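Down below is the structure, laid out as structure tokens.
Ligands are counted one by one from 1 in listed order, and the atoms in each one are counted from 1 as well. The structure displayed is predicted, hence computed values, not measured ones.
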Amino acid sequence: MFLLLLIGAIIVAYFYRLSGFRYWKKRNVPNPEPSLFFGNLGDSLTGKRSLGQIYCDIYRDFPNVSYVGFYKTVQPGLVLRDPQLIRDVLNKDFGSFHDNEFIGDESVDPLVARNTFSLKGHKWKIAKGQITPCFTSKKMREMHVFFQKAANRLVKYLGDEINNGGGTFEVRELFAKYSTEVVASCAFGLEGRTFDEPDALFRKMGKKIFEPSFLSMVKFGIAFVMPSLSNILKIRFFSKEVTEYFCNIVDATLHYRKENNVIRNDFLDSMIDLKKKLGDQFTNMDVTSQAVAFFTDGFETSSCVMAFALYEIAANPEIFQKLRSEVDEALLKQKELNYDAVHELKYLEAVVCETLRLHPPGLALFRVCTKPFTFPPPRGEGTGKDVNIEVDVPIIVPAYGLHTDPKYFKDPYVFNPERFMGENKDSIVRGTYLPFGDGPRNCHGKKNYVQIRYYHFLLGQRFGITQTKVALINIMANFDVTVNKKTITPLEIDPKYLVHHVKGGLWLNFSRRIVI
Ligand code: HEM
């Protein structure tokens with residue numbers, strides 16, 4: 001009897017599942033064939049492809065529609081394809097697609113839950129309004145000195161290693177050290193000591209957050225693919241050790257600054273000003289979570305850009321020479337480039353923009369429908385009925401798919417900074433270049449910030465880009481760099497990582513610059 005009931009229950013569950021998979025078919029929206037248990041995202045749980053890769057593959061597999069359906073287990077979601085639709089969703093229709101599709105539970109993971117990226121609705125709006133003024137160009141100019149200090153340490157470290165017979169580095173790790181140094185200094189007012197101590201605590205914490213392990217992959221898989229299970233299991237992304245470490249150092253630094261009247265004009269000082277202004281509304285936990293958000297959002301993304309940029313520069317000798325000439329010319333006028341001089345280097349800017357196109361740290365943007373909305377039919381007006389989008393439907397923008405679509409970027413896998421030089425960048429179709437996202441939820445940007453032809457890096461973006469440029473300038477001025485044969489080419493995305501990595505890492509040879 002029990003066996004019969006069990007078989008009956010399995011059959012009912014099976015057909016219930018299949019009926020769920022008719023959701024997009026009923027609405028005439030094309031979708032890839034889902035698998036019974038995990039819908040279209042199963043590969044992300046087995047580690048075969050990352051979520052970003054899956055979404056970009058869906059983008060490529062359906063070239064003639066403006067959006068494609070998919071199933072996250074059985075929950076329907078959409079991958080957007082059309083640049084105009086993407087711009088509308090991220091900007092004009094933001095009111096219906098307000099939140100990121102990421103869940104952080106305040107009671108188990110306060111630092112993750114209070115990160116602007118995870119915050120929802122009104123809480124997000126308040127936090128974004130508070131933090132955005134901390135990234136003005138005035139603040140950037142004041143913090144520039146910390147970038148340069150970290151770059152000096154990087155140059156010394158490389159020089160010492162070369163003197164000791166070293167000179168080959170996995171550059172993702174190398175730049176993680178530099179970037180951790182920058183963020184430790186700007187966000188916590190401390191020295192990261194990443195170049196001095198092999199087990200520097202800041203670097204150790206960064207690794208604990210971002211290095212993939214079986215457990216972290218399972219946790220992220222559950223959070224993204226089965227978020228309700230993640231809530232039930234009360235999954236936390238920051239261990240107690242990481243949370244306590246950051247809470248303690250921020251408390252100690254706030255105390256020290258107050259007692260000793262220390263003013264450094266860094267991010268922590270901006271947070272202290274905010275605390276004075278808002279009183280009890282802005283607690284030490286708020287300060288800590290913003291400083292940690294600075295750390296988590298800032299160092300891994302930036303070191304990713306630096307590593308890929310230097311790899312491409314090393315792999316393309318013509319680009320190397322052109323960039324070096326630009327850097328040398330600027331350094332003849334000013335021994336150490338200040339903030340404004342760094343951003344005047346047009347070719348460097350183009351190299352960084354092209355790196356962000358071909359190797360964006362985030363392969364996709366994740367939104368969720370927060371207010372019912374209607375899309376025109378996926379094959380265009382007059383080809384069927386409009387499609388009603390319900391609340392909670394995940395909406396994905398596959399940025400990397402667009403960046404590597406030959407329809408928008410000729411020879412998309414060729415690294416060519418000229419795409420971003422002079423008038424060339426005006427021909428880039430809006431909504432196809434999204435390394436920092438777009439709209440009010442972009443990387444600490446302004447509302448309706450969409451126009452590539454007036455492209456300026458803003459706020460958080462500016463912080464990441466400035467530290468990237470400072471590192472590259474210092475390396476170009478002091479070292480010759482070539483690709484080491486340990487780098488596996490063609491590069492292949494490593495699906496284990498949250499932020500874009502390649503299998504085997506990026507290995508480069510450094511030697512002291514030969515001045516002719
Ligand atoms: C080159 C380095 C960086 C890249 C490529 C990058 C990229 C991104 C992307 C793609 C998003 C999602 C945007 C969207 O969904 O529309 C994002 C969001 C965000 N980034 Fe960055 N980022 C970088 C550096 C930084 C830095 C240095 C900070 C902080 C100092 C930062 C803070 C944030 C925050 C707080 C958000 C969430 C914004 C919101 O939801 O309102 N990022 N970033």
Flag the pair [X] / [Y] as yes when their ring centroid distance falls below 6.0 Å, and as no otherwise.
X	Y	value
Phe246	Phe295	yes
Phe146	Phe267	no
Phe147	Phe463	yes

[X] and [Y]: side-chain donor and acceptor closer than 3.5 Å?
X	Y	answer
Asp297	Asn115	yes
Thr288	Arg114	no
Gln53	Asp57	no

Does [X] have a heavy atom less than 4.0 Å from any atom of ligand 1?
X	value
Phe267	no
Gly362	no
Gln467	no
Ala293	no

| query | Does Arg367 come within less than 4.0 Å of Asp93, counting only side-chain N to carboxylate O? | reply | no
| message | Less than 4.0 angstrom from a charged side-chain N to a carboxylate O is my criterion; do Glu349 and Lys425 meet it? | response | no
Just going by heavy-atom distances, which of [options] is nearest to [atom]?
atom	options	answer
atom 10 (C) of ligand 1	Pro435, Ser303, Cys443, Pro440	Pro435
atom 15 (O) of ligand 1	Met306, Arg367, His500	Arg367
atom 23 (C) of ligand 1	Thr301, Thr466, Asn115, Val182	Thr301

For [X], counting its heavy atoms only, list the atoms of ligand 1 lying under 4.0 Å from any of them.
X	answer
Thr116	35 (C), 40 (O), 41 (O)
Val305	1 (C)
Phe117	37 (C), 40 (O)
Gly437	10 (C), 13 (C), 14 (C), 16 (O)
Phe463	27 (C)

For ligand 1, does [X] get within less than 4.0 Å through its side chain, its backbone, both, or neither, judged by non-hydrogen atoms?
X	answer
Trp124	side chain
Pro361	side chain
Lys128	side chain

| query | If we only count N/O pairs under 3.5 Å, is Gln461 in contact with ligand 1? | reply | no
| query | Under 3.5 Å, N or O to N or O, is Asp438 touching ligand 1 that way? | reply | yes
| task | Hey, could you give me each pair passing salt bridge (charged side-chain N to carboxylate O under 4.0 Å, His left out) that has a residue in residues 353-363? Not counting sequence neighbours. | result | Glu354-Arg357, Glu354-Arg419
| Quick one: SG on Cys56 to CG on Leu402, what's the gap to the nearest 0.5 Å? | 8.0 Å
| said: Please report the interatomic distance SG(Cys186) to CG(Leu268), rounded to the nearest 0.5 Å. | reply: 11.0 Å
